[in-house]
Amino acid sequence: MSEDKTRKFILTEKEMPTAWYNVAADLPFRLAPPLHPATLQPLGPQDLAPLFPMALIEQEVSTQRYIDIPGEVLDVLRSWRPSPLIRARALEKALDTPAHIYYKYEGVSPAGSHKSNTAVAQAYYNKKEGIRRLTTETGAGQWGSALSIACAIFGLQCTVYMVKVSYQQKPYRRSLIQSYGAEVFASPSDRTASGRGILAKDPDSSGSLGIAISEAVEDAAPKPDTHYSLGSVLNHVILHQTVIGEEAIKQMALAGDYPDYVIGCFGGGSNFGGIAIPFLREKLRAGAGPRLVAVEPEACPSLTKGRLAYDFGDTAGIAPVARMYTLGHAFVPEGIHAGGLRYHGAAPLISALLEHGLVEARAYAQVPVFEAAVLFARSEGILPAPEAAHAIKAAVDLARECRASGQAKTILFNLSGHGHFDLAAYDDYLAGRLVDYKHPQDKIDTALRDLPVIPPEVAALAAGGHQR
Ligand SMILES: *Cc1c(COP(=O)(O)O)cnc(C)c1O
């Protein structure tokens, strides 16, 4: 028999998942409810109605196991899905490892990342409810580009508040967003009270996702024809990303392999949740399964150094309050190049999975992450987004452990996007200009002092979430 050299495991369009998987149906505990930012009491659907269409609010709290993907959404997803699963044979060779390394490549979407999977669904439901404009924040610009394309497809206007450091570091992401017809403002901006408040205190503020979220929420909430759209963190966003893991399960079967590790980089939790949660379903059923590893930057270590507590989702304290691992809503991380990973909080769903030991987390500094990115580019040929390179770094480390121990583990990671708009970051790395930021514990401690004080009866509700 000749040696198997298969690299790509491809599904046909007919094999695309037609439903999203909602893990809330299978969790052995209940999720703590989100709270109203003003009253700190549990939110009702009506409280969210100024920001989101009812269909997404229902998905947010749904416990239905499978939710059908609307035909109009499938029709758009079909233009790049199913995405390929690739065996990283050249990387394995470069590492001289007995490990089998696979990656699911989400860079094939029009925006170049997994973000399009939810952008299309969100634009669709908003359009269906008669909304005419969406506002949003963007860090590195991937979410802004994904949403602007989706808005163009469904005939919606789009306003993007882009974190100022990325606006300056990544002018071409801004051009892309504008090419798709959206308007883009550097955040903090003078268009909102939240932005002006930050600028009054710190005219040179480099911005943060928390600040940009405040601006986008403030822009949308009072206007009946305008909604807000979030690219990560929320349950419905993670739900939309489960197509990644559903496809990967089928593709690993095609490969005749099964992962010991499933890895995703972690900003708000959507691409990690997207690849890991369908595997978690199998783990919850079988009682055993792959280790699910979320990888975050040491400069913004919400999962590994944050506190599990109720906190505001944004900096100004006008977005809903969620129970999550947080560095404090006032935390402004250093201007690392993985802009999409600079969020002070974490998805409440992934936070709960971490609390209950169903997933694990690790953190890396950016220089070793870029070393792994370049090693990957020079072997596999794809230049990864700096965010995605965090997942590569974890995969490379595990594969090196396999070389040391002689164990042939199977490693699957999500390559959440390509880095074609991140060449300024690669320039800095190649010129030796990148610095590693130690996690600033004193800054975290200061920011954690501002956590909202939750009424005891509400806190008891959250604690009761341990039983079902
Ligand atoms: C936005 C982004 C991330 C981080 O967001 P998650 O919600 O944690 O997935 C990671 N990788 C890429 C390429 C992104 O665009």
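All values reported here derive from a predicted model rather than from experimental measurement. Values reported hereafter were calculated over all heavy atoms of this structure, with side chains retained and with hydrogens, waters and symmetry mates removed. Counting starts at 1 for both ligands and their atoms, in listed order.
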Step by step, would you call D26 with R281 a salt bridge (Lys or Arg N to Asp or Glu O under 4.0 Å)?
CA-CA 7 Å; D26 292 326; R281 173 187 55 215; over 6 Å; no
Chi angles and distances behind the ring pair (Phe, Tyr, Trp, His ring centres under 6.0 Å) call for F421, Y172
CA-CA 7 Å; F421 290 91; Y172 298 129; 7.6 Å; no
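Pairs passing the salt bridge (Lys or Arg N to Asp or Glu O under 4.0 Å) check and including a residue from residues 103-113, sequence neighbours excluded, read R81-E106, K104-E247.
Around ligand 1, the residues contributing at least one heavy atom under 4.0 Å from the ligand are S113, H114, K115, Q142, S232, C265, F266, G267, G268, G269, S270, N271, G340, L341, A385, E387, S416, G417.
For F52 and H227, the ring centers are positioned 6.0 Å apart or more. H344 and F331 have their aromatic ring centers separated by at least 6.0 angstrom.
Between the E401 side chain and the V396 main chain, no donor and acceptor come within less than 3.5 Å of each other.
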